[in-house]
Amino acid sequence: MSLLVKICGLSTRETLEVALDAGADMVGFVFFPPSPRHLSLELGRELGRQVKGRALKVALTVDADDATFDNIMDALSPDIFQLHGKESVARLRDIKQRFGRPVMKAVPVEVAADLAVLPGYAAVADRILFDARAPKDATRPGGLGTPFDWRLLGNLELKLPYMVSGGLHAQNVAEALRVTGAGGVDVSSGVESAPGVKDPEMIKAFIRAARASQELSVR
Ligand SMILES: O=C(O)c1ccccc1NCC(=O)[C@H](O)[C@H](O)COP(=O)(O)O
């Protein structure tokens, strides 16, 4: 199965086009006001139209209510919802039933015990995104540019497809894939020149590095 590469937190037409041209499989749009990557519904609608099926549109929310999901469905019509808050297993089931879209559940990782939530989520979610657990005083639960110990996923037995994220960049993505065996990678800060400012060359370098490591792993 080929590697999935997700560029998250895109917020301009230019950098979205760079990610699509460079072959991103998923493009992530953040709907979380405290984030420097937060999109208005109007901009989400505009960027969503630009994708034109060239990649999967991922709408990222944090403990959002149904009205928020309704608005995002209307504006972006995402292919996947990425749930990056404290959403319960029951809430995942509810969202899938109400909005008829696959869900990718973000699981924060700091210590091995953090993986105890997996069986519950794995029974309902369509994908898992492993991300570094945010510090207690963080203003957001993700997009912080810090990695977790990838060895914690070394003996993972998960039937669901999963991605690794948290502090990835062009120079460490191959190692992250080697250690975790993930089927996908996700990046935000590691392709930015400043919080929320995506850098075209960094986007291209990350996707090139991820694809190159994929070549190595299938030999
Ligand atoms: O990106 C954000 O600003 C964000 C805000 C709130 C919740 C999640 C957020 N990002 C989630 C992502 O999928 C990021 O790509 C992931 O956390 C990795 O981020 P980074 O470490 O900056 O590459």
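All ligand and atom numbering here is 1-based and tracks the order in the structure.
For the salt bridge (charged side-chain N to carboxylate O under 4.0 Å, His left out) with D25, the lone residue among R54, K57, R211 that qualifies is R211.
Residue contacts with ligand 1 include G166, since one or more of its heavy atoms lies under 4.0 Å from the ligand. Contact analysis puts Q82 in contact with ligand 1, with a non-hydrogen atom separation below 4.0 angstrom. Using 4.0 Å as the threshold, G28 has no heavy atom nearer than that to any atom of ligand 1.
Short contacts between ligand 1 and P141, defined as distances under 4.0 Å to a heavy atom of the residue, involve ligand atoms 6 (C), 7 (C). Ligand 1 places these atoms under 4.0 Å from at least one heavy atom of C8: 12 (C), 13 (O), 15 (O).
Counting only heavy atoms of the protein, atom 23 (O) of ligand 1 lies nearest to S188 N, 2.8 Å. For atom 11 (C) of ligand 1, the nearest protein heavy atom (residue, atom name, distance) is L60 CD1, 3.2 Å. Looking from atom 1 (O) of ligand 1 to the surrounding protein, the closest heavy atom is R37 NH1, 3.0 Å. Counting protein heavy atoms only, atom 14 (C) of ligand 1 is closest to D186 OD2, 3.4 Å. Annotation: atom 3 (O) of ligand 1 to nearest protein heavy atom, S35 OG, 2.6 Å. In terms of protein heavy-atom proximity, atom 19 (O) of ligand 1 is nearest to G143 CA, 3.2 Å. The protein non-hydrogen atom at the shortest distance from atom 9 (C) of ligand 1 is G142 C, 3.5 Å. Of the protein's heavy atoms, D131 OD2, 2.5 Å lies nearest to atom 17 (O) of ligand 1.
Looking at L144 against ligand 1, only its backbone comes within 4.0 Å, counting heavy atoms. At a heavy-atom distance under 4.0 Å, only side-chain atoms of K6, from C-beta outward, approach ligand 1. Residue-level proximity to ligand 1 for S189 is carried by backbone and side chain together, each with a heavy atom below 4.0 angstrom.
Scanning F130, F32, F31 for the heavy atom closest to atom 6 (C) of ligand 1 points to F32.
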*Stepwise, does the side-chain contact (heavy atoms from CB on, under 4.5 Å) test hold for L153 with V179?*
CA-CA 8 Å; L153 302 187; V179 174; over 6 Å; no

*Determine, step by step, whether S77 and R101 satisfy the side chain to side chain donor-acceptor pair (under 3.5 Å) criterion, reporting the C-alpha distance in whole Å, the side-chain angles of both residues, the deciding distance to 0.1 Å, and the verdict.*
CA-CA 9 Å; S77 185; R101 289 293 190 280; 3.2 Å; yes

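In this structure, a donor-acceptor pair under 3.5 Å is present between the side chains of D131 and H84.
Y121 and V62 fall into different hydrophobic clusters, where Ile, Leu, Val, Met, Phe, Trp and Tyr side chains are chained together by heavy-atom contacts under 4.5 Å.
Side chain of R37 to main chain of G143: a donor-acceptor pair is present (N/O by atom type, distance under 3.5 Å, no hydrogens or angles). Formation of a donor-acceptor pair under 3.5 Å by the N172 side chain with backbone atoms of G167 is found in this model. In this structure, the side chain of E192 engages the main chain of G196 through a donor-acceptor pair within 3.5 Å. Using a distance-only test at 3.5 Å, with no hydrogens or angles considered, a donor-acceptor pair links the side chain of S88 to the main chain of R91.
In terms of polar-atom proximity, defined here as any N/O pair under 3.5 Å, G167 does make such a contact with ligand 1. Checked by distance only, ligand 1 and L129 stay at 3.5 Å or farther apart across all their nitrogen or oxygen atoms.
For the pair F31/N71, no side-chain contact is recorded, criterion being any heavy-atom separation below 4.5 Å from C-beta on.
Within a 6.0 Å radius of CG in N155, no more than 12 heavy atoms belonging to other residues, nucleotides or ligands are found.
The minimum heavy-atom distance linking L10 with A19 is given by the pair CD1-CB, 4.0 Å.
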